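First comes the structure, then the notes that go with it.
Note that the coordinates shown come from a computational prediction; the quantities given were computed from them, not determined experimentally.
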Amino acid sequence: MSAPADSRRVYTVTEINTLAQRVLHETFPSVRVGGEISGFHHHSASGHMYFDLKDGRCVLRCALFKANARRLRFRPADGLQVEATGRLTIYETRGSYQLVVDELAESGLGELQRRFEELKARLQAEGLFDEARKRPLPRYPARLGVVTSAGGAVLHDIVHVARRRWPGIRIILCPVQVQGAGAAADVARGVELFNRAGAADVLIVARGGGSLEDLWAFNEESVVRAVAASAIPVVSAVGHETDVTLCDFAADLRAPTPSAAAERAVPERAEHLRHLAHSRGRLVRGVLSAVAERRLTLRALQRSYALGRPRDLVAQRMQTVDELERRLGRAVGERLARHGDALGRARARLGALSPSRVLQRGFCYVESAPAGLPVASAAALSPGDAVRLVFRDGRAGARVETVEGAP
């Protein structure tokens with residue numbers, strides 16, 4: 001055991017922290033602590049992991065250094081129940097004690113994590129997270145709606161990035177509480193207000209990073225359903241890149257940070273100006289190329305014989321027309337003569353068959369009276385019928401006395 005401190009001596013802060021470190025080291029050379037992970041952070045540069053272990057009343061700061069972190073068989077996360085084995089030490093720079101973890105084992109899900117997984121499974125079964133429901137963001141939004149806290153860096157980052165990318169965009173804020181009692185209802189109401197008013201072309205729902213408890217409002221069913229039902233495309237930017245909320249699954253797009261959300265939601269003006277300039281250059285080059293091609297065609301035509309001797313060309317066409325007229329005249333005359341001969345022969349045949357020619361030879365024919373229709377058969381007549389006899393020079397009325405059949 002360490003020697004008791006001398007009450008008459010004035011110690012430096014460093015000496016006190018060193019003595020406390022020695023006492024903790026001797027008293028708790030190895031200890032196993034069970035609790036729920038909260039505020040987990042994996043330092044990407046060093047590879048060390050830092051988190052709190054908590055129970056219903058207290059919190060213990062923990063550090064898991066890279067060498068031991070590499071041996072983990074699971075990924076630590078907020079809400080996990082774990083058992084940590086290690087040494088209690090003093091972080092002398094700050095004068096705070098912590099557990100330096102040598103081994104970390106998963107012992108089960110915490111209450112919040114269990115609620116997270118249960119709600120996720122239920123809403124996923126309803127189809128709220130289906131990829132087919134997700135819509136593309138508008139290419140050129142004029143109004144950007146933001147649902148987040150009115151204070152803090154989140155709103156500043158979104159406004160800064162959006163205005164830098166597209167200076168003329170209109171940014172509309174619906175200030176909400178993002179943590180604590182009533183936060184979920186506030187966020188859901190903000191999304192619904194934007195939809196009822198039709199006040200934005202795209203929405204960003206955002207807050208800064210934090211523990212699972214800090215971000216819990218964005219795992220509440222009311223928020224998830226409001227985001228899923230939004231007629232306005234929604235970008236979710238809740239927490240840091242490693243944080244995941246149910247709001248992320250329901251949104252049309254998840255961004256790792258609020259700044260990244262602004263980059264995804266707002267087009268970059270400079271990039272589009274470059275694209276327009278490039279398109280304009282291609283258009284101008286295309287027009288100039290077409291003009292040059294037409295100019296070459298015109299020059300070739302100017303050098304051609306036809307355009308060089310236009311009078312000769314017209315004279316040739318006129319001569320061709322005269323020749324065609326002569327040929328047409330001959331063809332028409334010959335055809336008319338042929339048809340005239342045929343018509344004369346037909347007229348002669350028709351005249352030979354005419355009843356008037358027969359009457360001139362002393363014959364007559366019979367018509368029914370008073371209809372005046374020719375009677376072609378004796379069977380069509382009955383005794384007493386009135387008839388007319390048609391001669392070459394007139395008609396005579398008669399009445400049928402008898403009707404006899406053909407001999």
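Between V59 and L53, every side-chain heavy-atom pair lies at or beyond the 4.5 Å cut-off. Using a 4.5 Å heavy-atom cutoff, the side chains of T89 and L24 are not in contact. Between S38 and F40, every side-chain heavy-atom pair lies at or beyond the 4.5 Å cut-off. At least one side-chain heavy atom of S30 sits less than 4.5 Å from a side-chain heavy atom of T85. Contact check for V101 versus F51: side-chain heavy atoms found under the 4.5 Å cut-off. Side-chain atoms of V161 and V266, non-hydrogen and from C-beta on, never get closer than 4.5 Å to each other. When side chains are defined from C-beta on, D102 counts as touching R87, because their heavy atoms get closer than 4.5 Å. Proximity of T257 to D157: side-chain heavy atoms (C-beta onward) are nowhere separated by under 4.5 Å.
Between the side chain of D78 and the backbone N or O of G39, at least one donor-acceptor pair lies under 3.5 Å. For the pair T18 (side chain) and T14 (backbone), a donor-acceptor distance under 3.5 Å is present. When atom types are taken as modelled, the side chain of N219 and the backbone of L246 share a donor-acceptor pair closer than 3.5 angstrom. Looking at D341, its side chain never comes within 3.5 Å of a backbone N or O of R338 through a donor-acceptor pair. At least one donor-acceptor pair under 3.5 Å links the side chain of D252 to the backbone N or O of R135. Side chain of R143 to main chain of G198: a donor-acceptor pair is present (N/O by atom type, distance under 3.5 Å, no hydrogens or angles). Remark: side-chain polar atoms of E367 are not paired, donor with acceptor, to backbone N or O of R388 under 3.5 angstrom.
By the ring-ring contact (aromatic ring centres under 6.0 Å, His included) test, F65 pairs with H48, sequence neighbours left out.
In this structure, CD in Q113 is found 9.5 Å from NZ in K120, a value given to the nearest 0.5 Å. Between atom CH2 of residue W216 and atom CZ of residue R115 there is a gap of 5.0 Å, rounded to the nearest 0.5 Å. In this structure, E131 CD and F249 CZ are separated by 10.5 Å, a value rounded to the nearest 0.5 Å. With rounding to the nearest 0.5 Å, the separation of CG in L104 from CG in L64 is 6.0 Å. From T245, atom OG1 reaches atom CZ of R254 across 7.5 Å, with rounding to the nearest 0.5 Å. I232 contributes atom CD1, which lies 12.5 Å from atom CG of L137 (distance to the nearest 0.5 angstrom).
The shortest heavy-atom contact between V146 and T148 is CG1-CG2, 3.6 Å. Here the closest non-hydrogen pair linking A206 and V154 is CB-CG1, 3.8 Å. Summarising the geometry of V403 relative to A378, their closest heavy-atom pair is CG1-O, 3.5 Å, with the distance given to 0.1 Å. Contact between R122 and L119 at its shortest, heavy atoms only, is NH2-CD1, 3.1 Å. Of all the heavy atoms in V235 and A265, the pair that sits closest is CG2-CB, 4.4 Å. Contact detail for V227 and V234: the closest heavy-atom pair is CG1-CG1, 3.9 Å.
A donor atom on one side chain and an acceptor atom on the other are found under 3.5 Å apart for N195 and S230.
Under the salt bridge (charged side-chain N to carboxylate O under 4.0 Å, His left out) rule, R225 has a single partner from E126, E192, E220, which is E126.
When the shell of 6.0 Å around CZ of F129 is examined, it contains more than 12 heavy atoms from other residues, nucleotides or ligands. For CZ of R32, the number of neighbouring non-hydrogen atoms (other residues, nucleotides, ligands) closer than 6.0 Å is 12 at most. Under a cut-off of 6.0 angstrom, the local environment of CD in E241 is sparse, with at most 12 non-hydrogen atoms contributed by other residues, nucleotides or ligands.
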List the atom pairs, with distances to 0.1 Å, where a side-chain N or O of residues 166-186 and a protein N or O form a donor-acceptor pair under 3.5 Å, not counting sequence neighbours.
from : atom 1 : to   : atom 2 : distance (Å)
Q177 : NE2    : Q179 : O      : 2.8
Q177 : NE2    : A181 : O      : 3.1
Q179 : OE1    : R207 : NH1    : 3.2
Q179 : NE2    : D214 : OD1    : 2.9
D186 : OD1    : R189 : NH2    : 2.9
D186 : OD2    : Q177 : N      : 2.8

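Between E118 and R114, none of the side-chain N atoms (NZ, or NE/NH1/NH2) sits under 4.0 Å from a carboxylate O, so this pair counts as no salt bridge.
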Quick one: do L389 and V366 satisfy side-chain contact (heavy atoms from CB on, under 4.5 Å)? Show the steps, please. CA-CA 5 Å; L389 302 177; V366 181; 3.8 Å; yes
